[in-house]
Visitor: 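One structure, pasted below without further comment.
Residue indices begin at 1 and follow the sequence shown. In each ligand, atom 1 is the first atom listed, and ligand 1 is the first ligand listed.
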Amino acid sequence: MSILTVGSVAYDDIITPYDKRSRALGGSATYFAIAAQHFHQISLVAVIGEDFNYADEKLLIDKKIDLLGLEKVAGRCFYWKGEYLANWNDRVTHDTQLNVFESFKPKVPDSYRDLPYVFLGNIHPSLQTEVLKQMNGRPKIVALDTMNLWIKETRSDLLETLKGVDVLLVNDSEAQMLSGEHNLMDAARTIAKMGPTTLCIKQGEHGALLVQNDQIFTAPAYPLCTVVDPTGAGDTFAGGFMGYLASTGNLSFENMKRAVIYGSVMGSFTVESFSVDRVAAITREDIDARYNEFVKLTHFHK
Ligand code: AMP
């Protein structure tokens, strides 16, 4: 049983302190799908324009991503231009052009409506809700990613979407902004009242934090990779996290801890190249080898 995902499929112009790349294949759904397909079948709901390259479509096909829900319409693909500042952590958005997403009404194919795993990738919350509404009943697990733009500009839409969400994956400033709480444990308690009873906070080079009721798990980031472009680290983290959960069918907190490590592994591969280059090229053996390194890195005797 596949994972349904909705989100952006985009072309990005990226500037880093050392290099730049134009028209890099990006988008929240693209990064998620390319990462998660290493673990499980993916069914994509998104929209592309006439400028979507055949080579990029072929990559999705070669990765056996189900594209029945990928609409191709007149117009141009979603476009985003971002720049990383010298500290690599601060990112400036220079341009966002919704293009074909402006009039996008997600249509969930009939064959996707009973899927048990749903990942609502970063996109306008009303589109995320539209997907949830078309599902037959409540899926086994719904996870959601969002960003400061939607928390600020479309808060009431987002609060509506969150009512149907189990796991929220955001960074610490987004969790603080959404909850109005500085302390992340207080933020988790406030967010649980909005819907998501599990909060997974991606902290970039500082790792990740998982909170569910009074259970907490903290994981470091992989310290040994070379950062070329941090774009997509959050979406591929979500891909590793959801992909692993779906591949095991086990939603216990213990298993979510392993999923967080698989998420960190996928994020660490993503930042080693522009676009999805690295995360598309790796094998499941590469992923498991890095997972095992994580186990060694975090293991100590009492
Ligand atoms: P991340 O680095 O994980 O935050 O994801 C970056 C990806 O998100 C890029 O490939 C962008 O194309 C995409 N993106 C940027 N802004 C938005 C937005 N407002 N809505 C949807 N996707 C976006």
Visitor: Heavy atoms only: give me the nearest Tyr11-Asn53 pair and the separation to one decimal.
Guide: OH-N, 2.9 Å

Visitor: For atom 8 (O) of ligand 1, what is the closest protein heavy atom, and at what distance to 0.1 Å?
Guide: Ser28 N, 4.1 Å

Visitor: Determine, using ring centers only, whether His301 and His299 are less than 6.0 Å apart.
Guide: yes

Visitor: Determine the interplanar angle of the Phe78 and Phe101 rings, folded into 0 to 90°, and report it as parallel if under 30°, tilted if 30 to 60°, perpendicular if over 60°.
Guide: perpendicular

Visitor: Report the relative orientation of the aromatic rings in Tyr262 and Tyr291; use parallel for angles under 30°, tilted for 30 to 60°, perpendicular for over 60°.
Guide: parallel

Visitor: Nearest protein heavy atom to atom 16 (N) of ligand 1, by residue and atom, and its distance?
Guide: Trp80 CD1, 3.6 Å

Visitor: Quick check: closest heavy atoms across Ala36 and Ile42, and the distance to 0.1 Å?
Guide: CB-CD1, 3.4 Å

Visitor: Considering distance alone, does some N or O of Ser8 sit under 3.5 Å from an N or O of ligand 1?
Guide: yes

Visitor: Ignoring hydrogens, what is the shortest heavy-atom contact between Arg23 and Asp51? Give both atom names and the distance.
Guide: NH2-O, 3.0 Å

Visitor: Which residue supplies the protein heavy atom nearest to atom 21 (C) of ligand 1, what is that atom called, and how far is it?
Guide: Asn122 O, 3.1 Å

Visitor: Report the member of Asn171, Thr231, Leu127, Thr93 with the shortest heavy-atom distance to atom 6 (C) of ligand 1.
Guide: Thr231

Visitor: Does Phe237 come within less than 4.0 Å of ligand 1, judged by its heavy atoms?
Guide: no

Visitor: Check whether any side-chain heavy atom of Leu297 lies under 4.5 Å from a side-chain heavy atom of Tyr222, and answer yes or no.
Guide: yes

Visitor: Restricting to non-hydrogen atoms, name the atom on Ile48 and the atom on Val100 that form the minimum distance, rounded to 0.1 Å.
Guide: C-CG2, 4.0 Å

Visitor: Identify, for atom 10 (O) of ligand 1, the protein heavy atom at the shortest distance, and state residue, atom and that distance.
Guide: Asp12 OD2, 2.5 Å

Visitor: Taking distance alone, with N or O pairs closer than 3.5 Å, would you say Arg91 contacts ligand 1?
Guide: yes

Visitor: Just which atoms of ligand 1 are under 4.0 Å from any heavy atom in Trp150?
Guide: 19 (N), 20 (N)

Visitor: Run the contact test for Met147 against ligand 1 with a 4.0 Å cut-off on heavy atoms, strictly below, and give the result.
Guide: yes

Visitor: Students should be able to answer this: which protein heavy-atom is nearest to atom 5 (O) of ligand 1, and at what distance?
Guide: Asp235 OD2, 2.8 Å

Visitor: Please list the nearest protein heavy atom to atom 18 (C) of ligand 1 with its residue and the distance rounded to 0.1 Å.
Guide: Phe78 CZ, 3.5 Å

Visitor: Is the shortest distance from a Lys or Arg side-chain nitrogen in Glu293 or Arg290 to a carboxylate oxygen in the other one below 4.0 Å?
Guide: no

Visitor: Would you check whether Tyr11 reaches within less than 4.0 Å of ligand 1, judged by its heavy atoms?
Guide: no

Visitor: Is it the case that ligand 1 has an N or O less than 3.5 angstrom from some N or O of Gly27?
Guide: yes

Visitor: Under 4.0 Å from a heavy atom of Gly26: give me the atoms of ligand 1 that qualify, with their elements.
Guide: 10 (O)

Visitor: Whether Asp229 and Arg278 form a salt bridge (side-chain N of Lys/Arg under 4.0 Å from carboxylate O of Asp/Glu) is what I want to check.
Guide: no

Visitor: Which of the atoms in ligand 1, numbered in the order shown and given with their element, are less than 4.0 Å from a heavy-atom of Ala10?
Guide: 12 (O)

Visitor: Would you mind running through ligand 1 and noting each atom that sits below 4.0 Å from a heavy atom of Leu149?
Guide: 19 (N)

Visitor: Would Phe241 and Phe32 count as a side chain to side chain contact (heavy atoms under 4.5 Å, CB included) here? Give the steps.
Guide: CA-CA 10 Å; Phe241 180 85; Phe32 176 86; over 6 Å; no

